[in-house]
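Reading through the structure tokens given below for one structure.
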Amino acid sequence: MPTPAPPSDTAAPARLDVVNLTASYHGRPAVADVDLAIEPRQVTALIGPSGSGKSTLLRCLNGLHLTVPGASVTGSVLLDDADIYAKDSNPVEIRQRVGMVFQRPTPFPTMSVRDNVLAGLHLGRRLGRGPHDDLAEQALTKAGLWPEVKDRLKAPGGSLSGGQQQRLCIARALAVDPEILLMDEPCSHLDPISTLTIEDLIREIKETYTVVIVTHNMQQAARVADTTAFLTMPAVGEPGRLVEVGPTERIFSTPRQQTTEDYISGKIG
Ligand SMILES: Nc1ncnc2c1ncn2[C@@H]1O[C@H](COP(=O)(O)OP(=O)(O)OP(=O)(O)O)[C@@H](O)[C@H]1O
């Protein structure tokens, strides 16, 4: 199946369908048999105990998993119906359409704020219409950082606070105009105020983007996610499996599976 064409500026954000996905390291499954529909313009949270495969599953959603030595995948991830694991799919294009923000803010510390935002554009994607300064301003505005850095665009990225650096990374991810943003515990190294700022931002950007977030923090999932997917593994050393997925409010108030209830009530995990 051919890789889908890049979106026009007015295109709706993409949907993702995970179909019978198993992801392994050196032949050992880390997460198995996952079927999961990720709806456009929603925030989907992946929750579950440590080692249940949340980050692995997240990295499978844009093919980043296969960049890990010894990693393999079976099953499919359909990006608007085209399998990102098809032989003829284009990994660079997929990662432009499905961006990623990591746990630790990862700006280039000595590169200027402006150049950090534009750093992803060298991947060969179209640069859009206006000059790059406009693009940097737009991305920083979307990431809620523009008022704080508009007079510091030449300052090094490393001179910003941790929370600002994480929003700089979000601006960098948004500058390449993705349709989907994957966030792997984006607040785990941030203070409570910066965390709330990022959560506000997630709620705002879901108007335009499809967001998938891995979080250990169930309150955070309850605050930001429309849909929550709970993964766990039956025993240590066994692969994680998707136990239950549904509207966040229902998952937290009336989970259908006992394991989900045990996890959210703190009995396991
Ligand atoms: N690079 C790797 N090489 C080998 N095994 C790995 C690698 N990354 C993860 N794993 C294994 O895959 C399994 C799932 O790990 P993963 O990090 O996806 O879980 P997680 O639910 O995100 O955990 P945590 O909440 O602790 O971050 C674990 O058993 C882990 O040891």
Side-chain angles (χ1 to χ4, degrees), residues 16 18-36 38 43-77 84-85 91 94-95 98-106 162 166 169 173 180-190 195 198-199 202 211-225 227-246 248 251-252 255 257 259-269:
L16 282 169
V18 179
V19 184
N20 197 21
L21 186 91
T22 294
S24 306
Y25 298 98
H26 302 286
R28 192 184 177 121
V31 61
D33 306 326
V34 176
D35 288 292
L36 176 65
I38 292 166
V43 179
T44 299
L46 306 181
I47 64 166
S50 185
S52 58
K54 305 177 297 295
S55 297
T56 300
L57 176 59
L58 191 78
R59 287 194 296 267
C60 285
L61 300 181
N62 72 347
L64 204 59
H65 176 66
L66 289 186
T67 64
V68 177
S72 58
V73 163
T74 60
S76 311
V77 173
I84 69 167
Y85 292 108
I94 287 161
R95 268 173 245 147
V98 188
M100 177 83 105
V101 173
F102 297 92
Q103 208 168 346
R104 279 185 189 279
T106 51
Q166 192 58 306
C169 293
I180 298 173
L181 196 57
L182 310 177
M183 308 179 99
D184 194 353
E185 296 193 52
C187 304
S188 61
H189 293 283
L190 303 183
T195 295
I198 301 270
E199 288 179 5
I202 292 170
V211 179
V212 187
I213 178 172
V214 167
T215 179
H216 268 116
N217 180 332
M218 283 186 275
Q219 285 82 11
Q220 178 165 75
R223 285 192 296 262
V224 302
T227 299
T228 294
F230 170 62
L231 293 98
T232 192
M233 59 286 193
V236 175
E238 292 196 34
R241 289 174 190 273
L242 180 61
V243 174
E244 185 165 1
V245 58
T248 298
I251 293 285
F252 284 104
Q257 303 297 327
T259 346
T260 314
E261 184 166 343
D262 289 348
Y263 181 71
I264 61 180
S265 63
K267 285 191 198 144
I268 57 166

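Just so you know, ligand 1 is whichever comes first in the structure, and atom 1 is the first atom listed for that ligand. All of these numbers come straight from a predicted model, not from anything done at the bench. The chain is numbered in sequence order, starting from 1.
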Protein residue, atom and distance nearest to [atom], heavy-atom basis:
| atom | result |
| --- | --- |
| atom 17 (O) of ligand 1 | Ser55 CB, 4.0 Å |
| atom 19 (O) of ligand 1 | Gly53 N, 3.2 Å |
| atom 24 (P) of ligand 1 | Ser50 OG, 3.7 Å |
| atom 3 (N) of ligand 1 | Tyr25 CD2, 3.5 Å |
| atom 27 (O) of ligand 1 | Glu185 OE2, 3.9 Å |
| atom 21 (O) of ligand 1 | Lys54 NZ, 2.8 Å |
| atom 23 (O) of ligand 1 | Gly51 N, 2.9 Å |
| atom 16 (P) of ligand 1 | Thr56 OG1, 3.6 Å |

Would you say [X]'s side chain and [Y]'s backbone share a donor-acceptor pair under 3.5 angstrom?
| X | Y | value |
| --- | --- | --- |
| Glu244 | Gln257 | yes |
| Lys54 | Pro49 | yes |
| Thr215 | Glu185 | no |

Q: Determine, step by step, whether His65 and Tyr25 satisfy the ring pair (Phe, Tyr, Trp, His ring centres under 6.0 Å) criterion, reporting the C-alpha distance in whole Å, the side-chain angles of both residues, the deciding distance to 0.1 Å, and the verdict.
A: CA-CA 9 Å; His65 176 66; Tyr25 298 98; 5.0 Å; yes
Q: State whether the shortest distance between N or O atoms of Ala30 and N or O atoms of ligand 1 falls below 3.5 angstrom.
A: no
**Q.** Check: Val68 N/O within less than 3.5 Å of ligand 1 N/O
**A.** no
Q.
By the salt bridge (Lys or Arg N to Asp or Glu O under 4.0 Å) test, which pairs, at least two apart or in different chains, include something from residues 20-33?
A. Asp33-Arg241
Q | Pairs meeting criterion salt bridge (Lys or Arg N to Asp or Glu O under 4.0 Å) with involvement of residues 229-238, two or more places apart | A | none
**Q.** For Pro49, the ligand 1 atoms whose distance to one of its heavy atoms is below 4.0 Å
**A.** 21 (O)
Q: Please test His189 against Gln166 for side chain to side chain contact (heavy atoms under 4.5 Å, CB included), starting from the C-alpha separation and ending with a verdict.
A: CA-CA 9 Å; His189 293 283; Gln166 192 58 306; over 6 Å; no
